[in-house]
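Notes follow the structure.
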Amino acid sequence: MTTSDLPVEHLHVRRHNLSLVLRMLATQGPRSRASLAAATGLTRATVSSLTSELIGLGLVRERGLDAGRRRGRPGTLLELDGSRVVTIGVELNVGFIAVLGRDLGGRQVYDHRVVVDTDAAGDELRRVDGVIHALSGELVDAIERIEQDGRRVAGVTVAVPGVVDVDHGEVRIAPNLGWQHVPILARLRPSVPARIELDLENESNLGAVAEQRAGALAGTANLVYVLAERGVGGGIVVAGTLLRGASGAAGEIGHMTMQPAGAVRCGCGSLGCWETLIGLPAVLRRTLPDRADALLADHALDLREQVGIVAAAAKAGDEVALAGLRDVAEWVGLGIANLIDIFDPDAVVLAGTLHDLGDLILPDVVASAERSSLPSALDHCRIEVSTLGFSAAALGGAIQAAERLFSDPSLVAG
Ligand SMILES: [Zn+2]
């Protein structure tokens, strides 16, 4: 019997048990059916039926006899077969699309990044159409290439830099893309086979998921992820769980008001948001005042190239660039001090442009945060540069899609 044959009232019990067995094999390594039954409290007949289904789905495989067993007939060991099922994270951002495929064993099997003109001239409708066309092309291409090798894509999470309605797959507002109320998943659905789950999430939330699960800080229970690009976003993990808030918009730390009398209006409409002080336009204007406007208007340059020009100027000893970076570091540290006082995290992770400027600004950022936060909170909080770099949101998307499969392995059947 497979999950799909069951009456509705038994479905959730079966799903829960499939998930329990799969997670046990993933986190604790190979086990026999008897050992799984003992550890889960399920009957051996139930475990046998569950493992048959997981084997049929390509999620579990048999691997030899349990040599460690001392008494009785040795049982066959079962292990996670992570190699045949892949999940994808897609990041849509200002100027680029990144697609990352990862198998359930955690191996990266696909990584592709393309420059896309998200600022193209014309009305919003046509601009959104153009970007969605490019996005669906990249996604279809990735699925085809991954499945060419006999693997199967079972889930996709799309990351965007904005406030998203996760339940309806809609981008509510993405100021730096100039998007409002775009039902992005409904627009992508016709291009993606119906058997593949599609989900949407905020890019910073996914960056936080990636840091919490796969980066140098993996397993950190309380973590604040600060992602600076053109805008600034955040992902906040509290006791191992992503903080979503009442409407799913928690973590919009770029719009903390830091300088209410400031002169720069934010993309959100307010004055003095943190992102007007530490986002890429602010970094360029403070460090390369003569070239900032031209660099910002140059759509052939992506974000990393632009920030690379800043880093090169600072490393070459350009006094204006160095002073500008000290100002940026001061504001980054002040914002972090607020976040530390509110969330009392174990770690604050700097990502995006702050990652690329990390070695130039980190000591000043830490000094600024130390001056402005409560000493008791800062004592145990590390402020670190991300080890995942710019691919964190796509990686977090692939991890989140895999997490859904671990919660409901029957999704793999499509
Ligand atoms: Zn704002």
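Since the model is a prediction, treat every value here as computed from it, not as a measurement. All ligand and atom numbering here is 1-based and tracks the order in the structure. Positions are given from 1 along the sequence.
Screening Asp293, Asp290, Asp327 for a salt bridge (Lys or Arg N to Asp or Glu O under 4.0 Å) involving Arg285 leaves a single residue, Asp293.
Counting only residues at least two apart or on different chains, the side chain to side chain donor-acceptor pair (under 3.5 Å) pairs with a member in residues 360-375 are Glu330-Arg371.
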Using atom types as modelled, flag every donor-acceptor pair under 3.5 Å from a side chain in residues 17-27 to any protein atom, sequence neighbours excluded.
from, atom 1, to, atom 2, distance (Å)
Asn17, ND2, Val13, O, 3.4
Ser19, OG, Phe406, O, 2.6
Arg23, NH1, Glu403, OE2, 2.8
Arg23, NH2, Glu403, OE2, 3.0
Arg23, NH2, Ser407, OG, 2.9
Thr27, OG1, Arg23, O, 2.8

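Considering only residues two or more places apart in sequence or on other chains, Asp149 meets the side chain to side chain contact (heavy atoms under 4.5 Å, CB included) condition with Arg151.
Under a cut-off of 6.0 angstrom, the local environment of CZ in Arg213 is sparse, with at most 12 non-hydrogen atoms contributed by other residues, nucleotides or ligands. His12 NE2: 12 or fewer foreign heavy atoms inside a 6.0 Å radius.
Taking 2.8 Å as the limit, the number of protein N, O or S atoms around the Zn ion (ligand 1) is 4.
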